[in-house]
Undergrad: 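One structure is given below, represented as structure tokens, and several questions about it will come after.
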Amino acid sequence: MARVYNFSAGPSMLPEAVLRTAQAELMEYGSSGQSVMEMSHRSPVFEAIIQETEASIRRVLNVPANYKIGFFQGGAHQQFSMVPLNFMTTGKADYMVTGNFSGVAAKEAAKYGDIRIAASSEDRNFTYIPDIASTEFRPDASYIHICHNNTIFGSVFNEVPQVDGVPLIADMSSNIMSRPVDVDKYGVIYFGVQKNIAPAGMAIAIVREDLLGHADPKTPIMMDYTKLLAKDSMLNTPNCWCIYMTGLVMKWLEQDIGGLENMQKLNEAKAKVLYDYLDSQDFFHNPVEKPYRSLMNVTFTSPSKEMDKLFCEQAAKAGFVNLKGHRLVGGMRASIYNAMPAAGVDALVDFMKEFVRTNG
Ligand SMILES: *Cc1c(COP(=O)(O)O)cnc(C)c1O
């Protein structure tokens, strides 16, 4: 059996060391005599798991004491609805639309209030991030919403809006834990876990305490950050397995990688190999303007749709899977999250060179 290099945008690769630990602990976690999949979420052994998982997120991401961390079901899409229900206290919010998910989030929020698209990069098919300094935000907006890394289009914010008195809320589903974050700059950071953290089935939100307690009274109880956080994410049965896996990945980041500064260096080195190759030839083309290129999702096209298809087919046969681009962009996309080893990117570039030699 050989494990493939999986370039899926999500769910995606997990660190091999983490999978091995999960495998070793699958039948019996510690001396509990049970699998984490079987134990009561109210048991002391699971309480220790959830508390340590939360504490490790706080350490790894350097989350200040005035922020709460919660585990939510419903993925990032549920956060799109929770954000306006909980934080749109003035009836208005400003959204930057820089890709698919930020557009979906803005549309969802528009059900609940006055949403203004403060800036959009749709005019050039989301190949850049609009200039922050010249973007105007309403002073009475309840919050500003951005999607920090655009998973489908492969772009990322280098700087983020900072408006006095207007909290910034960011979807970081596809680049959280890939590098250090100044949590202080944000009112809320949320992310689905299936890209860079854990198996699918959960989202994590980091919420500044002063923003809690103002949810619309009709907010469903499971979508109320304040109510869930007041019960330490155990208002109902949480996604116990996902919380456990998140804890293992945080431990890997702390102990095997040595923290997010190191993770960033590794990610930069990996992405550089692929972008340097893309820039060195003219068979494949990356459409994103250079300053906004994502470290996590690298998009590229070949000269034709037929060639894209052939490339993906041959790549899959050679052990490089899930390289097909999203239908909104076409071509290919290599998602190279934290768990993708440098060797996987090196091998992909070798394969691309060989492909050009035989088909170019
Ligand atoms: C994958 C992704 C989502 C959607 O996540 P779900 O958990 O499937 O709802 C939202 N935003 C971003 C940035 C993503 O990468």
Undergrad: Within the distance-only criterion (no hydrogens, no angle test), does the side chain of Thr226 pair as donor or acceptor with the backbone N or O of Gly213 below 3.5 angstrom?
TA: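 Looks like yes, one N/O pair under 3.5 Å.
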Undergrad: Please report the closest heavy-atom contact between Phe157 and Arg179, naming both atoms and the distance.
TA: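 That would be O-NH2, 3.6 Å.
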Undergrad: Which atom pairs, donor and acceptor, lie under 3.5 Å between side-chain atoms of residues 184-200 and protein residues at least two apart or in another chain?
TA:
unit_1	atom_1	unit_2	atom_2	d
Tyr190	OH	His145	NE2	2.8
Asn196	OD1	Asn338	N	2.9
Asn196	ND2	Ile176	O	3.0

Undergrad: So does Ile243 get a backbone contact from the side chain of Thr53, meaning a donor-acceptor N/O pair under 3.5 Å?
TA: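 A pair under 3.5 Å: yes.
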Undergrad: Just by distance, do the side chain of Tyr143 and the backbone of Phe87 share a donor-acceptor pair under 3.5 Å?
TA: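 Here the side-chain-to-backbone pair does not exist.
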Undergrad: Verify side chain to side chain donor-acceptor pair (under 3.5 Å) between Thr90 and Ser142, making sure each step is shown before the conclusion.
TA: CA-CA 5 Å; Thr90 66; Ser142 313; 2.7 Å; yes
Undergrad: Using a cut-off of 6.0 Å, state whether more than 12 heavy atoms not belonging to Asp282 lie near its atom CG.
TA: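 Counting other residues, nucleotides and ligands, CG of Asp282 stays at 12 neighbours or fewer.
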Undergrad: Decide whether Leu168 and Leu212 are clustered together by the hydrophobic rule: side chain heavy atoms of Ile, Leu, Val, Met, Phe, Trp, Tyr closer than 4.5 Å, transitively.
TA: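 The answer is no; the residues belong to distinct hydrophobic clusters.
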Undergrad: So how far is it from Ser121 OG to Met96 CE, rounded to the nearest 0.5 Å?
TA: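 Rounded to the nearest 0.5 Å, the OG-CE separation comes to 8.0 Å.
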Undergrad: When you compare the side chain of His41 with that of Pro238, does any pair of heavy atoms fall below 4.5 Å?
TA: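 Answer yes - side chains close enough.
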Undergrad: Between Met39 and Cys240, is any pair of side-chain heavy atoms under 4.5 Å apart?
TA: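 In short, these two side chains do not touch, never coming nearer than 4.5 Å.
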Undergrad: Which pair of heavy atoms, one from Ala271 and one from Ile336, lies closest together, and at what distance?
TA: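 That would be CA-CD1, 3.8 Å.
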Undergrad: Evaluate the criterion side chain to side chain contact (heavy atoms under 4.5 Å, CB included) for residue pair Phe7 and Met13; output intermediate values, then yes/no.
TA: CA-CA 8 Å; Phe7 293 89; Met13 286 183 85; over 6 Å; no
Undergrad: Please list all pairs passing the salt bridge (Lys or Arg N to Asp or Glu O under 4.0 Å) test where one or both residues lie in residues 333-343, with sequence neighbours left out.
TA: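 Sorted result for residues 333-343: empty, none.
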Undergrad: If you measure from CG on Leu253 to CD1 on Ile57, what distance do you get to the nearest 0.5 Å?
TA: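 The CD1 atom of Ile57 is 10.5 Å from CG of Leu253, to the nearest 0.5 Å.
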Undergrad: Kindly state each residue pair satisfying side chain to side chain donor-acceptor pair (under 3.5 Å) with at least one member in residues 15-35, sequence neighbours excluded.
TA: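 Listed once each, the pairs are Glu16-Arg20, Glu25-Tyr244.
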Undergrad: Is Gln73 close to Asn236 at the side-chain level, that is, under 4.5 Å between some pair of heavy atoms?
TA: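 In short, these two side chains touch, coming nearer than 4.5 Å.
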Undergrad: What verdict does the salt bridge (Lys or Arg N to Asp or Glu O under 4.0 Å) test give for Lys265 and Glu261, after you've listed the backbone C-alpha separation in whole Å, the side-chain angles of each residue and the deciding distance to 0.1 Å?
TA: CA-CA 6 Å; Lys265 282 185 199 135; Glu261 280 88 5; over 6 Å; no
Undergrad: Before giving the answer on side chain to side chain contact (heavy atoms under 4.5 Å, CB included), spell out for Phe80 and Asp171 the whole-Å C-alpha distance, their side-chain angles and the decisive distance to 0.1 Å.
TA: CA-CA 9 Å; Phe80 297 163; Asp171 175 357; 3.6 Å; yes
Undergrad: With the side chain counted from C-beta on, respond yes when Asp232 and Ile50 share a heavy-atom pair under 4.5 Å apart, and no when they do not.
TA: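 No. Closest side-chain heavy atoms not under 4.5 Å.
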Undergrad: Give the intermediate values and the outcome of side chain to side chain contact (heavy atoms under 4.5 Å, CB included) for residues Asn359 and Leu310.
TA: CA-CA 10 Å; Asn359 298 279; Leu310 184 70; 3.5 Å; yes
Undergrad: Within a strict 4.5 Å, meaning less than it, do heavy atoms of the Tyr292 and Thr98 side chains meet?
TA: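 A side-chain contact is absent here, since even the closest heavy-atom pair is not under 4.5 Å.
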Undergrad: Does any N or O in the side chain of Glu209 come within less than 3.5 Å of the main-chain N or O of Lys68, such that one atom is a donor and the other an acceptor?
TA: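 Between the backbone of Lys68 and the side chain of Glu209 there is no qualifying donor-acceptor contact (under 3.5 Å).
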Undergrad: Between the side chain of Ser12 and the main-chain N/O of Ala9, is any donor-acceptor distance below 3.5 Å?
TA: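 No, Ser12 side chain to Ala9 backbone: no donor-acceptor pair under 3.5 Å.
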Undergrad: Can you name the nearest heavy-atom pair linking Met172 to His148, along with the distance?
TA: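 So the minimum-distance heavy-atom pair works out to CG-CB, 3.9 Å.
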Undergrad: So does Leu211 get a backbone contact from the side chain of Asn86, meaning a donor-acceptor N/O pair under 3.5 Å?
TA: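 The answer is no, because no donor-acceptor pair under 3.5 Å joins these two groups.
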Undergrad: Identify whether the distance between the nearest side-chain nitrogen and carboxylate oxygen of Lys218 and Asp216 falls below 4.0 Å.
TA: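 Not counted as a salt bridge, because no side-chain N and carboxylate O are separated by less than 4.0 Å.
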Undergrad: Ignoring hydrogens and angles, tell me if any N or O in the side chain of Asn149 forms a donor-acceptor pair with the backbone of Asn175 under 3.5 Å.
TA: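 No; judged by distance alone, with no hydrogens or angles, the pair does not exist.
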Undergrad: First locate atom CD of Gln51, then atom OG of Ser233, and finally report the distance between them rounded to the nearest 0.5 Å.
TA: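 Nearest 0.5 Å value for the CD-OG distance: 11.0 Å.
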Undergrad: List the steps and the verdict of side chain to side chain donor-acceptor pair (under 3.5 Å) for Ser155 and Asn150.
TA: CA-CA 5 Å; Ser155 66; Asn150 297 286; 3.0 Å; yes
Undergrad: Do Val288 and Phe153 touch side chain to side chain, with heavy atoms closer than 4.5 Å?
TA: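 No. Closest side-chain heavy atoms not under 4.5 Å.
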Undergrad: If Ile, Leu, Val, Met, Phe, Trp and Tyr residues are connected whenever their side-chain heavy atoms lie under 4.5 Å apart, and connections chain through other members, are Tyr337 and Ile204 in the same group?
TA: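 No; tracing contacts between hydrophobic side chains, which count when under 4.5 Å, never links both residues.
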Undergrad: Given Ile115 and Met88, is the side chain to side chain contact (heavy atoms under 4.5 Å, CB included) satisfied, shown in steps?
TA: CA-CA 10 Å; Ile115 298 306; Met88 200 153 49; 3.8 Å; yes
Undergrad: Find the distance between OG (Ser178) and CG (Leu260) and round it off to the nearest 0.5 Å.
TA: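 Answer for the OG-CG pair, Ser178 versus Leu260, is 8.0 Å.
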Undergrad: Over all heavy atoms of both residues, which pair between Thr299 and Ile152 is shortest? Give the atoms and the distance, please.
TA: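 Distance-wise, the nearest heavy atoms are CG2-O, 3.6 Å.
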Undergrad: I'd like to know if the side chain of Asn297 reaches the main chain of Ser335, judged simply by a donor and an acceptor atom lying under 3.5 Å from each other, with no hydrogens or angles considered.
TA: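 The answer is no, because no donor-acceptor pair under 3.5 Å joins these two groups.
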Undergrad: With sequence neighbours left out, write down each residue that passes ring-ring contact (aromatic ring centres under 6.0 Å, His included) with Phe137, or none if nothing qualifies.
TA: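 Partners of Phe137 by the ring-ring contact (aromatic ring centres under 6.0 Å, His included) criterion come out as none, since no residue qualifies.
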Undergrad: Among residues two or more places apart or on two chains, list those pairs meeting salt bridge (Lys or Arg N to Asp or Glu O under 4.0 Å) that have a residue in residues 73-96.
TA: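 Of all non-adjacent pairs touching residues 73-96, those that pass salt bridge (Lys or Arg N to Asp or Glu O under 4.0 Å) are Lys92-Asp140, Asp94-Arg116, Asp94-Arg138.
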Undergrad: Name each donor-acceptor pair under 3.5 Å that joins a side chain in residues 341-356 to protein atoms two or more places apart or in another chain, with its distance.
TA:
unit_1	atom_1	unit_2	atom_2	d
Glu354	OE1	Arg357	NE	3.2
Glu354	OE1	Arg357	NH2	3.0
Glu354	OE2	Arg357	NH2	3.0

Undergrad: Shared ILVMFWY cluster between Tyr67 and Phe72, side chains joined below 4.5 angstrom?
TA: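 Different clusters: Tyr67 never reaches Phe72 through Ile, Leu, Val, Met, Phe, Trp or Tyr contacts under 4.5 Å.
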Undergrad: Quick check: do Arg3 and Leu19 have side-chain heavy atoms less than 4.5 Å from each other?
TA: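 The answer is yes, as the side chains (C-beta and beyond) meet within the 4.5 Å cut-off.
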Undergrad: On a heavy-atom basis, which atom in Leu274 and which in Ala334 lie closest, and how many Å separate them?
TA: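 Looking at all heavy atoms of both residues, the shortest contact is CD2-CB, 4.0 Å.
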Undergrad: Would you name the heavy atoms of Met340 and Lys270 that are closest together and state the gap between them?
TA: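 Minimum heavy-atom separation between Met340 and Lys270: O-NZ, 2.8 Å.
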Undergrad: Would you say that more than 12 heavy atoms from the other residues, nucleotides or ligands in this model lie under 6.0 Å from the CD of Glu313, or not?
TA: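 Result for CD/Glu313: enclosed.
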Undergrad: Would you say the side-chain atoms of Asn6 pair up with the backbone N or O of Ser8, donor to acceptor, closer than 3.5 Å?
TA: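 At least one qualifying donor-acceptor pair exists.
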Undergrad: Going from CG on Asn262 to CD1 on Ile257, what distance comes out if it is rounded to the nearest 0.5 angstrom?
TA: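 It is 7.5 Å, given to the nearest 0.5 Å.
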Undergrad: Do Leu61 and Ile206 touch side chain to side chain, with heavy atoms closer than 4.5 Å?
TA: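 Yes; the side chains approach each other to less than 4.5 Å.
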Undergrad: Under 4.5 Å between side-chain heavy atoms, hopping through other hydrophobics if needed: is there a path connecting Val104 to Ile169?
TA: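 The answer is yes; both residues are in one hydrophobic cluster.
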Undergrad: Can any side-chain N or O of Asn158 pair as donor or acceptor with the backbone N or O of Pro291 at less than 3.5 Å?
TA: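 Yes: the side chain of Asn158 pairs with the backbone of Pro291.
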Undergrad: If I take atom CZ from residue Phe283 and atom OG1 from residue Thr301, how far apart are they, to the nearest 0.5 angstrom?
TA: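 Between atom CZ of Phe283 and atom OG1 of Thr301 there are 10.0 Å.
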Undergrad: Could you go through the side chain to side chain donor-acceptor pair (under 3.5 Å) check for Asp224 and Thr219 one step at a time?
TA: CA-CA 6 Å; Asp224 187 321; Thr219 305; 5.3 Å; no
